[in-house]
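The structure displayed is predicted, hence computed values, not measured ones.
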Amino acid sequence: QVQLVESGGGLVQAGGSLRLSCAASGRTFTRYTMGWFRQAPGKEREFVANIIKSLNWRYYSDTVKGRFTITRDNAKNTVYLQMNSLSPENTAVYYCAAADSTGDRRSPGEYEYWGQGTQVTVSV
């Protein structure tokens with residue numbers, strides 16, 4: 001069992017930056033692929049980025065590539081999402097998730113554990 005708690009969301013102007021954090025507790029953090037997803041009102045939850053277990057291989061959706069960066073600090077059991085050049089289209093609830101498997105996991109159904117989400121709002 002893994003517990004995930006996100007933080008760092010908030011209100012930011014277009015062009016600004018935010019860094020989200022996801023603190024994990026429970027089982028060994030390094031065994032999990034960690035992902036970030038987001039869900040805007042009226043839309044399905046969509047993949048943002050993931051980082052593969054202890055290998056640090058990273059994958060991004062095309063919509064955020066070059067602007068968002070996912071990292072993990074295994075000593076702190078924490079995964080981060082640095083978001084730069086934000087636009088109103090990035091407004092959503094952002095979720096952290098953990099998958100007990102290796103590989104580029106992009107479907108929400110591939111993740112066993114989820115945080116409660118943190119709201120990111122980007123104003124014009």
Apply side-chain hydrogen bond (donor to acceptor under 3.5 Å, both in side chains) to Ser123 and list each qualifying residue two or more places apart in sequence or on a separate chain.
none
d(Asp104 CG, Ile52 CD1) to nearest 0.5 Å is 6.0 Å
Heavy-atom donor-acceptor pair, Ser101 side chain to Ala99 backbone, under 3.5 Å
no
All heavy atoms of Pro108 vs all of Trp114, minimum pair found to be O-CZ2, 3.4 Å
Is there a donor in the side chain of Thr33 and an acceptor in the side chain of Asn50, or the other way round, less than 3.5 Å apart?
no
State whether the number of non-hydrogen atoms from other residues, nucleotides or ligands found under 6.0 Å of Gln13 atom CD is greater than 12.
no
Donor-acceptor side-chain pairing of Arg19 and Tyr80 below 3.5 angstrom:
no
Once rounded to the nearest 0.5 Å, what's the spacing between atom OH of Tyr95 and atom CD of Glu6?
8.5 Å
side-chain contact (heavy atoms from CB on, under 4.5 Å) evaluation trace for Val120 with Thr91
CA-CA 5 Å; Val120 171; Thr91 294; 5.9 Å; no
Using modelled atom types and a 3.5 Å cut-off, is there a donor and acceptor pairing between side-chain atoms of Glu112 and backbone atoms of Asp100?
yes
Tell me whether the centres of the aromatic rings in Phe37 and Tyr111 are closer together than 6.0 Å.
yes
Distance in Å, Trp57 CH2 paired with Thr102 OG1, rounded so as to fall on 0.5 Å steps
8.5 Å
dist Gln119:CD -> Tyr94:OH (nearest 0.5 Å) comes out at 9.5 Å
